[in-house]
Amino acid sequence: MKEKLVLIGNGMAGVRTLEELLKLAPEKYDITVFGAEPYGNYNRIMLSPVLAGEKKIDEIIINDRDWYADNDITLHTGKTVTKIDRTKRQVIAEDGTVADYDRLLLATGSNPFILPLPGKDLEGVISFRDIADVDFMIETARNHKKAVVIGGGLLGLEAANGLMIQGMDVTVVHRSDVLMDMQLDKPASELMLSELESKGMKFLMEHDTTELSGDKRVERIHFRDGTSVEADLVVMAVGIRPNIALAQSAGIHCERGIVVDDTLQTFDPRIYAVGECVQHRNQTFGLVAPLFEQSKVCANHLAQMGIARFMSAVTSTKLKVTGIDLFSAGNFNGDENTEDLIFKDAARHIYKKLVIRDDKLVGTVLFGDTVDGAWYFQLMRDETDVSTMRDSMLFGQHHLGDSGHGANNAADGLADDAEVCGCNGVCKGDITKAISQENLFTLDEVRAHTKASASCGSCTGLVEQILASALGGDFSETPKKKAMCGCTELTHDEVKQAIKAQELKSIPDLMEKLEWKNADGCHSCRPALNYYLLSAWSKEYVDDPQSRFINERVHANIQKDGTYSVVPRIWGGVTNPRELRAIADISDKYQVPTVKITGGQRIDLLGIKKEDLPGMWQDLSDAGFVSGHAYGKSLRTVKTCVGSEWCRFGTQDSTGLGIDIEKMTWGSWTPHKFKIAVSGCPRNCAEATIKDFGVVCVDSGYELHIGGNGGIKVRATDFLTKVATADEAKEYTAAFMQLYREHAHYLERTAPWIERVGLNFVKEKLVEDDDNRKALAARFHESQENAQVDPWAEEAAKNRRAYIPIKQVV
């Protein structure tokens, strides 16, 4: 029988411990997780890009709910544990949920420190710690303009940068005369200050806050020197404190943090703790790297292997703050027994400082150029004698020539145990081993297998250098071409080129001219050839129904019992009583066993016999419905929210625009299914950022996104551009669909297509070339005008409005 393990805290350190445990002993525990936030495990490091609008919440989720389900983990989100009963070995949440444990893991993290000032409880005074804080800041930026950030550390500057991008006038208040004084010395801080001021950020250095004032909402912030500034929003980013209240209430020994030994065990042998809540050998922790090392050690002991110890070590900090690369490690300020080597190029915003004691490197600060950070950190960790390289080491590893330390790039000379990714504790050897054993060729593959570069991303350049070094010529080698199918040696692109070059206008002609091995083709090539011929000669080529899948031919999706599902189109998800009554009557007539609302805001009629399909479509057509094409390689849905007509957050008429786009694009042929969504505001209720084409309405217009996928392999969209009018949004929609139709392979979704051709290719064709975009849109509209109609719906279509015949998917 499995033991019961309960994790309190659904953050990065706790869930990383579970990941490590599942590698070592996947069947040992029944695991239950309690998280106070209503999300799966997410990357807290990436909250700053979310605030800056560079990422969406979905993009920073590390483990979604499916991960917990796949690993048989019971997940309680939005539930705060308020009591630990060590006698009964139970934890109790505030809503009364109870979970028994044999082993308990505390990962309660830390709380942001709120300065005990008068006015700290006013509306508009917050910390910067979780998704709720980010949501509040983004919402505040819509209606208010003056923001003050207290704290000039890493978190404070990231908050200030994000609020500036959101359109606020931002002032950073800092008690010290050195920004980021935990990572930078004064010269580096001065460069940082200059760089940020040039971007519009304001600073009040050496200012001590004494009071916040306002009527219900904060209006002004006051300083000890008697001055004050206006503030609609005050963000306190002045540090964190270990969250030990729950542990203390349970009688677990705490000092500044929950006290643990080298195995991460508390004074209660059944209870372990990891993360920012712990105190180990009188030290608390805030950086990710030691937390993930704690996770490995703790998992080792929970798996009862008992061979790992956590020992605090010198850590490095590699960051990208508001686009500026920083690296620091060790005693970078030095003391009376150290000497400094300094390089400064103010014009290029580069600063390097190496601190040396007894011919050993003991500290470093790098600003603007951090490529040698891992090498310097290795020298520090190994206590290498640097006396023979003092004259050139400031200029980097590749300047060392024939001294034995030379390298073609910064990665070449690193030892296998050199740490590359501090966030996840990944060494160079881990990466090169994964590249070799798993046949990895891309950065995304390395991230997936090793987690290197998967957190803050600041080591991305070094990981790419390791890839280049490990793969050699293979790194840029063109992949071997992949034939379209067994009937030919030609690739998809070669077939498409031949169709145009040789003016091939029928499947038999194509197969003869291109020496097809199988005269009738196969289930793989015939649909593709039919699509490519239609794409090339839409006016002349007659669509071949027998080269289409059965679902497309009958406008119904075959089910596992041999029946079919029918999905009539519901424009933008908007319907009315007349349509609903018609669907109800038709469902009764054909004895439909299941009627279901789909995720695309339509109605699915399931369990239809094949012989009833023509009659059902005739009746649906008579009632004013057209095919929803839920079965075709075509436009599927245009999902909308209610937008500005009803929603208090809506900025534009997303419903109306969605319906216009759907009527413009329905029945269009595409290489694969194609989904669109229009969200009325950045809250994105229509999920526009996981669709093939997404429109997010904002106050000043429409943000356009492309290449999303919400299926098995989730991919968030890439931002394409922003336009001011609905007509421009429709033009971009048509142009993007046509570009995709002309350049993608058959059965290639937009997500892998964009990854193959590159986002720059799409932007070049659509954003940077107005004439080409308009020409693409014109070709799309021309093809829509030439669309064919279903044989059984043609007569019914004559009695209905011009825009709703049931188009054959062509």
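The first residue in the sequence is number 1, and the count goes up from there. Source: prediction; values computed, not measured.
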Is a salt bridge present between [X] and [Y], judged by a nitrogen-to-oxygen distance below 4.0 Å?
X      : Y      : value
Arg348 : Asp369 : no
Glu158 : Arg44  : no
Asp385 : Lys360 : no
Glu339 : Arg390 : yes
Arg16  : Glu293 : no
Arg281 : Asp262 : yes

Tell me every residue that passes salt bridge (charged side-chain N to carboxylate O under 4.0 Å, His left out) with Asp185, counting only those two or more places apart in sequence or in another chain.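 For Asp185, the residues satisfying salt bridge (charged side-chain N to carboxylate O under 4.0 Å, His left out) (neighbours in sequence not counted) are Lys353.
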Do other residues, nucleotides or ligands put more than 12 heavy atoms under 6.0 Å from Lys28 NZ?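 Counting other residues, nucleotides and ligands, NZ of Lys28 exceeds 12 neighbours.
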Mind jotting down which residue pairs meet the ring pair (Phe, Tyr, Trp, His ring centres under 6.0 Å) criterion with at least one end in residues 170-206? Sequence neighbours excluded, please. none
Considering only heavy atoms from C-beta outward, does the side chain of [X] approach that of [Y] to under 4.5 Å?
X      : Y      : result
Val297 : Asn300 : no
Leu163 : Ile165 : no
Thr209 : Val173 : yes
Asp261 : Phe267 : no
Thr266 : His253 : no
Tyr42  : Asp130 : yes

Spell out, as yes or no, whether a donor-acceptor pair under 3.5 Å connects the side chain of Asp430 to the backbone of Cys427.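 Such a contact is found between Asp430 side chain and Cys427 backbone.
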Any donor-acceptor pair under 3.5 Å linking the side-chain atoms of Thr227 with those of Asp225? yes
Please name all residues satisfying ring-ring contact (aromatic ring centres under 6.0 Å, His included) with Phe310, sequence neighbours left out, ordered by chain then number. His280, Phe285
Determine, using ring centers only, whether Phe395 and Phe343 are less than 6.0 Å apart.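 Aromatic pair counts; centres sit under 6.0 Å.
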Evaluate the criterion side-chain contact (heavy atoms from CB on, under 4.5 Å) for residue pair Leu326 and Leu366; output intermediate values, then yes/no. CA-CA 6 Å; Leu326 307 173; Leu366 307 177; over 6 Å; no
Candidate pair Glu19 and Lys451, rule side-chain contact (heavy atoms from CB on, under 4.5 Å), full reasoning: CA-CA 12 Å; Glu19 291 179 341; Lys451 293 189 181 293; 3.5 Å; yes
Which atom of [X] lies closest to which atom of [Y], heavy atoms considered:
X      : Y      : answer
Val149 : Gly156 : CG1-O, 3.5 Å
Ala52  : Gln166 : C-NE2, 4.4 Å
Val426 : Thr450 : CG2-O, 3.3 Å

I would like to know whether Ile431 and Val446 meet side-chain contact (heavy atoms from CB on, under 4.5 Å); could you show each step before the answer? CA-CA 7 Å; Ile431 298 171; Val446 171; 4.0 Å; yes
Evaluate salt bridge (Lys or Arg N to Asp or Glu O under 4.0 Å) for Lys433 paired with Asp416, printing each intermediate quantity in order. CA-CA 10 Å; Lys433 181 179 178 182; Asp416 280 348; over 6 Å; no
